[in-house]
There are 4 protein chains.
Amino acid sequence: MARPARKKKDIERAALELFADHGIDGTTIRMIAERAGVTEGALYRHHKSKDDLVRALFEEYFESFGGMLEGIRADAAPVEDRIGQMVRAFLAAYDTDPLGFRFVMLVQHGLLDGIRKDALSPAKVLTRFIEEAIDRGEIPKQDASLKAQLLMGMVMQVAVGERYGRLKAPVAGYAEQVSAAAVAALRAV
Amino acid sequence: MARPARKKKDIERAALELFADHGIDGTTIRMIAERAGVTEGALYRHHKSKDDLVRALFEEYFESFGGMLEGIRADAAPVEDRIGQMVRAFLAAYDTDPLGFRFVMLVQHGLLDGIRKDALSPAKVLTRFIEEAIDRGEIPKQDASLKAQLLMGMVMQVAVGERYGRLKAPVAGYAEQVSAAAVAALRAV
Amino acid sequence: MARPARKKKDIERAALELFADHGIDGTTIRMIAERAGVTEGALYRHHKSKDDLVRALFEEYFESFGGMLEGIRADAAPVEDRIGQMVRAFLAAYDTDPLGFRFVMLVQHGLLDGIRKDALSPAKVLTRFIEEAIDRGEIPKQDASLKAQLLMGMVMQVAVGERYGRLKAPVAGYAEQVSAAAVAALRAV
Amino acid sequence: MARPARKKKDIERAALELFADHGIDGTTIRMIAERAGVTEGALYRHHKSKDDLVRALFEEYFESFGGMLEGIRADAAPVEDRIGQMVRAFLAAYDTDPLGFRFVMLVQHGLLDGIRKDALSPAKVLTRFIEEAIDRGEIPKQDASLKAQLLMGMVMQVAVGERYGRLKAPVAGYAEQVSAAAVAALRAV
DNA sequence: AATGAATGAGATTTCATTCAT
DNA sequence: AATGAATGAAATCTCATTCAT
């Protein structure tokens, strides 16, 4: 092996942070390179283009969120518990890596087109989770898609609220209240 | 003064649609001019710069949403009713002008800096609304900010769900269910 | 109309000259802009890309050569005369605009792929011309394609010879000798 | 010294092919390395720079063509025979290694600057050959340079014609006709 | 008011070459 | 000898803005 690719991770991390903060179009290759401590050309050894870099990052994080939820969905515990688990997992993910989280969440608006159809998307996992709970009679038999969106919306907005200074980090502190609200909301529909 | 700047509206409408679809950085002056049926130079007759155009649009739409909510907040009806009104108003606004709605909602991530501090933001109105309901003992005395975010999150995500084909327009059709879920959620926390 | 596109011709002329001298890959946008007395961006108002500029120039010149030959081919004069006319026309074209001529001739190696199938190529016109002369019994009935190539080769190489200092401009001075050689060659095959 | 730089040949062959197809500026080090099955760095073990590689290839092929012709020129046979020999030699060379042939022929446009002045160039050999034939009274006493160019042009264009699908390989099949045409042409001037 | 050519600054990308491994 | 990551310079292209018409 030649010089090991020590900077690849640095580049991707720098890109992630900048994308989360300034958006994709608002982030230049130069900004990424500077923050990663490399020259602009270095980026192109690892990714064919800026677009390619974005896609790679997105898929990596997107699927990791989906996978996290899928693990909980497949569990045997009662719905209430699993809703609580999901909420906690989401919020903990945000506390651990707010930039990664925000990158995926903010950036998805306008990127889902290029994503593989079979990707394990959070929305897909959540919808399936709700459907199964309905089948088992654990929550009222009503529009599963809507419920999935409501659940998603509540958790996501906590992250957004933190970002704009309306809620306080660590957001894991809101987990119990959000879980309770979510369970109540899903039962009420 | 026979032709009272009809082009100005065309330009702003074109800009709004493109911003909602491609983001601000992803929209070029040329794109706007093309869609509006004018040339690039014409745009500068009506707005000093691209930034200026963005700000104008944002304030107009942002305040109009805030104002709408404020009207409902100031009303005398019981909370449940007013929550229902707000939900209906939000969803109807989305059905009426999805692009305008999305422009404000999506674009706010990263634009609030330039906005006047006293702007009537939806989040601010919602928080005040919740605080008052708590004061009157209509909902449990608990973190008003969190509740405002939860309410916001539920409604917003319905719009996002429609946009990505997971829910069906017109979203006003979901108003009753969302209202019920919201009331339950706010009571549960 | 706004500012008239005074520089378009300058840009194309500059490009043509530079391409002929340095090849396409050897010519940069900056070189073209500099010689044309504009900034680099100006080029992109008139042509979508460097490739596009090349193609436009090529088609324009390529077809004009083809058209010139076609006019002679369609004439009623005896072959010898028309061969002479073609040779003179070719060589005069070189003397008039050596760069345009060389651009087409040198550059065609590797560009014909992108050219419209119905383009009036010199080779096509020449082949048809030879075929008709064979049909009329003016030259021996033998491979018309080969003859077209031989004719082409003799004339072209005169231009190449001038370019590398082995023949003297104006090359029109060689017209009679080349014509005589060409007639003899075509009769001999 | 078991492995005597087999890679060097691979690299040069790959370079030759790519240069012939895409031109020198159109060929990147990476392309060469890839086709040769080595990495970019390896190339610099064998050649100091891209320019160096080009020069090496060009001189090797250029001189070998020149040498081939020189052998025929120095022969004692009558002109007609030797013209026939040259034509056959040229065409056979093309059939044997079209890429090498094209590399030299196409690439020479714009590369002759760096070539040693005493190089045995095909054009030089041909001109001397014609001059001697004139001296001996074998062909009319007229511009030897022009005749050399005409001869060259006829043969070269056969190669070009094959390359663009207007003539059929192996081009050696055209040798007799081309020779006859060449002799006739040279006598006619 | 409007046009759209042209500018100028900066963005993305390419690529010959170097160098740590 | 060989690798391929990284550099640095330069190439292509983009785009908000200005300005002659």
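These numbers come from the heavy atoms of this one structure, side chains and all, not from hydrogens, waters or symmetry mates. Chain identifiers are assigned alphabetically (A, B, ...) following the order of the sequence lines, protein sequences preceding nucleic acid strands; residue numbering begins at 1 within each chain.
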Asks: Report the distance from atom CG of A:Asp25 to atom P of E:dG10, rounded to the nearest whole Å.
Replies: 18 Å

Asks: Quick one, D:Phe19 and D:Arg102 - any side-chain contact, counting heavy atoms below 4.5 Å?
Replies: no

Asks: Which one of B:Phe58, B:Phe103, B:Phe101 satisfies the ring pair (Phe, Tyr, Trp, His ring centres under 6.0 Å) criterion with B:Phe65?
Replies: B:Phe101

Asks: Just so I know, are the side chains of C:Val38 and C:Asp10 near enough to count as touching, which here means a heavy-atom distance under 4.5 Å?
Replies: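 Sidechains of C:Asp10 and C:Val38: no contact.
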
Asks: Applying side chain to side chain contact (heavy atoms under 4.5 Å, CB included), run through D:Ile32 and D:Glu40 and close with a yes or a no.
Replies: CA-CA 8 Å; D:Ile32 299 171; D:Glu40 294 153 275; over 6 Å; no

Asks: Name all pairs fulfilling the ring-ring contact (aromatic ring centres under 6.0 Å, His included) condition that reach into residues 23-45 of chain B, sequence neighbours left out, sorted by first residue then second.
Replies: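 Passing the test, one end in residues 23-45 of chain B: no pairs.
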
Asks: Dot-bracket for DNA chain F, 5' to 3', with Watson-Crick and G-U pairs under 3.5 Å, [ ] for crossing pairs and | for other-strand pairs: what is it?
Replies: .||||||||||||||||||||

Asks: Expressed as a whole number of angstroms, how long is the span from C:Arg6:CZ to E:dG4:P?
Replies: 16 Å

Asks: Can you see which heavy atom on D:Ile11 is nearest to which on D:His46, and at what distance?
Replies: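 That would be CD1-CD2, 3.6 Å.
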
Asks: Would you say C:Leu16 and C:Asp97 make side-chain contact, with heavy atoms under 4.5 Å?
Replies: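 C:Leu16 reaches C:Asp97 side chain to side chain.
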
Asks: Please enumerate all residues that pass side chain to side chain contact (heavy atoms under 4.5 Å, CB included) together with A:Leu120, with sequence neighbours excluded.
Replies: A:Glu70, A:Val125

Asks: How long is the line joining CD1 of C:Ile24 and P of F:dA11, in whole Å?
Replies: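 The distance from CD1 of C:Ile24 to P of F:dA11 comes to 16 Å, rounded to the nearest Å.
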
Asks: Expressed as a whole number of angstroms, how long is the span from A:Asp52:CG to E:dT13:C1'?
Replies: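 My rounded result for the distance is 13 Å.
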
Asks: Measure the distance from CG on B:Leu18 to P on F:dC15 and round it to the nearest whole Å.
Replies: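 Going from B:Leu18 (CG) to F:dC15 (P), I get 13 Å.
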
Asks: Counting only non-hydrogen atoms, which of residues 40-49 of chain C are less than 4.0 Å from DNA chain F?
Replies: C:Glu40, C:Gly41, C:Tyr44, C:Ser49

Asks: What are the two closest non-hydrogen atoms of C:Arg13 and C:Tyr61, and how far apart are they?
Replies: NH1-OH, 3.3 Å

Asks: Mind checking the C1' distance from E:dA1 to F:dT21? Whole angstroms is fine.
Replies: 13 Å

Asks: Of the residues in residues 26-33 of chain C, which ones touch DNA chain F at a heavy-atom distance under 4.0 Å?
Replies: C:Thr27, C:Thr28, C:Ile29

Asks: Closer to the 5' end of DNA chain E via nearest nucleotide, is it B:Gly37 or C:Gly37?
Replies: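 Whichever sits nearer the 5' end wins; that is B:Gly37.
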
Asks: Roughly, in whole Å, what's the span from NZ in A:Lys8 to C1' in F:dT7?
Replies: 19 Å

Asks: Please report the distance, rounded to the nearest Å, between NZ in C:Lys7 and P in E:dG4.
Replies: 20 Å

Asks: F:dA10 C1' sits how many Å from C:Glu34 CD, rounded?
Replies: 13 Å

Asks: Restricting to side chain to side chain donor-acceptor pair (under 3.5 Å), what partner residues turn up for A:Glu12, sequence neighbours left out?
Replies: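 Expected list: A:Lys9, A:His47.
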
